Number of protein chains: 2
Amino acid sequence: MPSTSGTGSTGRRHRVREEALAEILRTGRRLLVEEGPSAVTLRAIAREMGMTAPALYRYYAGHRDLIQALTSHLYDELAAALTEARERHPADEPGRRLREVCRELRRWALAHPREFGLLFAKPVTDADTAPGSAAHDPSWRFGAVLLGLMVELWRRGGVRPPTGLDPSWIAQLEEVREHLAGEPVPLEVIYVFVACWARLYGAVAVEVFGHLDFALTDPEPLFEQTLRDIMAALGEGAALPSEPRSCA
Amino acid sequence: MPSTSGTGSTGRRHRVREEALAEILRTGRRLLVEEGPSAVTLRAIAREMGMTAPALYRYYAGHRDLIQALTSHLYDELAAALTEARERHPADEPGRRLREVCRELRRWALAHPREFGLLFAKPVTDADTAPGSAAHDPSWRFGAVLLGLMVELWRRGGVRPPTGLDPSWIAQLEEVREHLAGEPVPLEVIYVFVACWARLYGAVAVEVFGHLDFALTDPEPLFEQTLRDIMAALGEGAALPSEPRSCA
DNA sequence: AGGATGTTGTTAACACCGTTTACTTTCGGC
DNA sequence: GCCGAAAGTAAACGGTGTTAACAACATCCT
């Protein structure tokens, strides 16, 4: 029964193509996980799918584009995992939500080290990131989860912005605020976002990349300590089960 | 005039071989810097040197070994740069020395992003690092500079170790202390070393890998803020030109 | 129904890569 | 002056990304 409905079979065509695109990415990811980044190759993917390599050029412009599509997909998956972790806790406790999202980031990275490496171990992306340009879609869908929580935290007065902001810095942050395309976020919040993101990235990356293996067999306590520090820097130290920490 | 001296010309032979080894690494590094990591290839190196690829097997067991030798060499160069930065300041100000060493690490990483990427962007070294084993020669010669300064800082009472150490953590740190092969370093110092190294690595890596490009055109103020935090966490906040910071 | 059209896949080929094998050349040591 | 080890070469194998020419097929229009 061809041409059953009015939409024509062009929709089916499109759907079958989407499925092929997805299967290519799925196969590439499986190779990445099972045999490492150097194994995710056009010919290997095609081989696994029972095809030949040039056929993949009907779907991706080349190896580079395929990897980029895989990267983008993984950013989305990570963002979804973080969002899910956020939704597991009440909205009126943004501090707790943020802490759990940070833990989920670490959990995801440790559960998918190869994927994390693909996303975050790129020494230089060769000027594909303009300094102020928005619509950094791939990595931004993921960063927005963290920024959103910090904004919420700030709105409730939980964020303690730093006192002395470098003047030359303010101009840069202004620029970022323009491209946020949402509510007006104060510069101080953007500052704490960037600072905390840098710290969180370091804490996770240093562990996933194995730079702690020489010293620690179980780096979780160190991460928890770092997480406490981050939350304390956000003025959210009192939200922990323990009592507010003294100054000394 | 062969065999001029008693040592024979086998010394010359050895020296010429050493020079070849060095030139291979030099060429590989040049390719790394000028054309990226994927360009440092056996055939390309040989081509640049006016040879053929199999000749390199007389010097390195293969591509993997060559990259590892290059990595090791770069670790040494980084360690030398840090040591030099340390020696530029008086030995009785370990806090200042440590701060300048951290700045030098960032400077070196920004000046040599490709090299830094080769050293520190390896998602997983595939179990070539046993958790407690010492003699991690390549990366340790470099880490030892930081650890040494922290030990010195501690010896002068500048380090404020954390109060509550996780019990399960102590066992791990004990193990590290065994393999330090020097003076007996207290666990607390090893803790602050690991914690500060994690933070320093994060601050530098997040910048070099371009994960801040979307927000900042000049991340230096952020790094300086991070550096102040690190020094403060070490109890060295008072050593800054500014007066001791209040609690609030 | 039937041809025009465009999508999807194939094979063949090119250039590059790491690596191995067999062979030649060169040079130091006796 | 000869011998043996070291250094370098060419040829080859299988792997890679990529392109070009070509076959098969579904879709669409008349």
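As the structure is a prediction and not an experimental result, all values here were calculated from the model. First the proteins, then the strands, lettered A, B, ... as listed; each starts at 1.
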- When every non-hydrogen atom of B:V145 is compared with those of B:A79, the smallest separation belongs to CG2-O, 4.2 Å
- Can you tell me how far P of D:dT16 sits from CG of A:L56, to the nearest Å? 12 Å
- Residue pairs meeting salt bridge (Lys or Arg N to Asp or Glu O under 4.0 Å), one or both in residues 78-87 of chain B, sequence neighbours left out, come to B:E84-B:R88, B:E87-B:R97
- Note on the structure: A:E77 meets the salt bridge (Lys or Arg N to Asp or Glu O under 4.0 Å) criterion, sequence neighbours left out, with A:R29
- Task: Give a yes/no on whether any side-chain N or O of B:R47 is located under 4.0 angstrom from OP1 or OP2 of C:dC17.
- Result: yes
- What does nucleotides 17-25 of chain D look like as a protein-contact string, B for base, S for sugar-phosphate only, - for none, at under 4.0 angstrom between heavy atoms? BBB------
- Rounded distance in Å - CE (A:M51) to C1' (C:dT7): 13 Å
- Can you tell me how far P of D:dT16 sits from CD1 of A:I67, to the nearest Å? 13 Å
- Query: Looking at residues at least two apart in the chain, or sitting in another chain, which of them share a ring-ring contact (aromatic ring centres under 6.0 Å, His included) with B:H73?
  - Reply: none
- Go through the structure and list residues passing side-chain contact (heavy atoms from CB on, under 4.5 Å) with B:E35, not counting sequence neighbours. B:L31, B:A39
- Inter-residue atom distance A:F193.CZ - A:L147.CG, 0.5 Å rounding: 5.0 Å
- Task: Provide, to the nearest angstrom, the distance between the CZ atom belonging to B:R17 and the C1' atom belonging to C:dC27.
- Result: 15 Å
- What residues form a ring-ring contact (aromatic ring centres under 6.0 Å, His included) with B:H63, not counting sequence neighbours? none
- With sequence neighbours left out, write down each residue that passes side-chain contact (heavy atoms from CB on, under 4.5 Å) with B:A205, or none if nothing qualifies. A:Y201, B:F116, B:Y201, B:F209
- Note on the structure: For residues 38-61 of chain B, the side chain to side chain donor-acceptor pair (under 3.5 Å) pairs (sequence neighbours left out) are B:R30-B:E48
- Rounded to whole Å, the CD-P distance (B:E18 to D:dA6) equals 15 Å
- Would you please name every residue forming a side-chain contact (heavy atoms from CB on, under 4.5 Å) with A:E220, sequence neighbours left out? A:R106, A:D218, A:E224
- Item | N or O in side chain of A:T52 less than 4.0 angstrom from C:dT10 OP1/OP2 | yes
- Item | Close approaches to DNA chain D from residues 20-36 of chain B, in residue order (heavy atom, under 4.0 Å) | none
- Task: Enumerate the residue pairs fulfilling salt bridge (Lys or Arg N to Asp or Glu O under 4.0 Å) with a member in residues 190-199 of chain B, sequence neighbours excluded, ordered by first and then second residue.
- Result: B:R199-B:D229
- Message: Need the bend value for the helix from C:dA1-D:dT30 to C:dC30-D:dG1: angle between end axes, 5 pairs each end, nearest 10°.
- Response: 10°
- Rounding to a whole Å, what distance do you find between B:R15:CZ and D:dA7:C1'? 18 Å
- Task: Name the nucleic acid region contacted by A:Y60, choosing base, sugar-phosphate or nothing; use a 4.0 angstrom heavy-atom cut-off, strictly under.
- Result: nothing
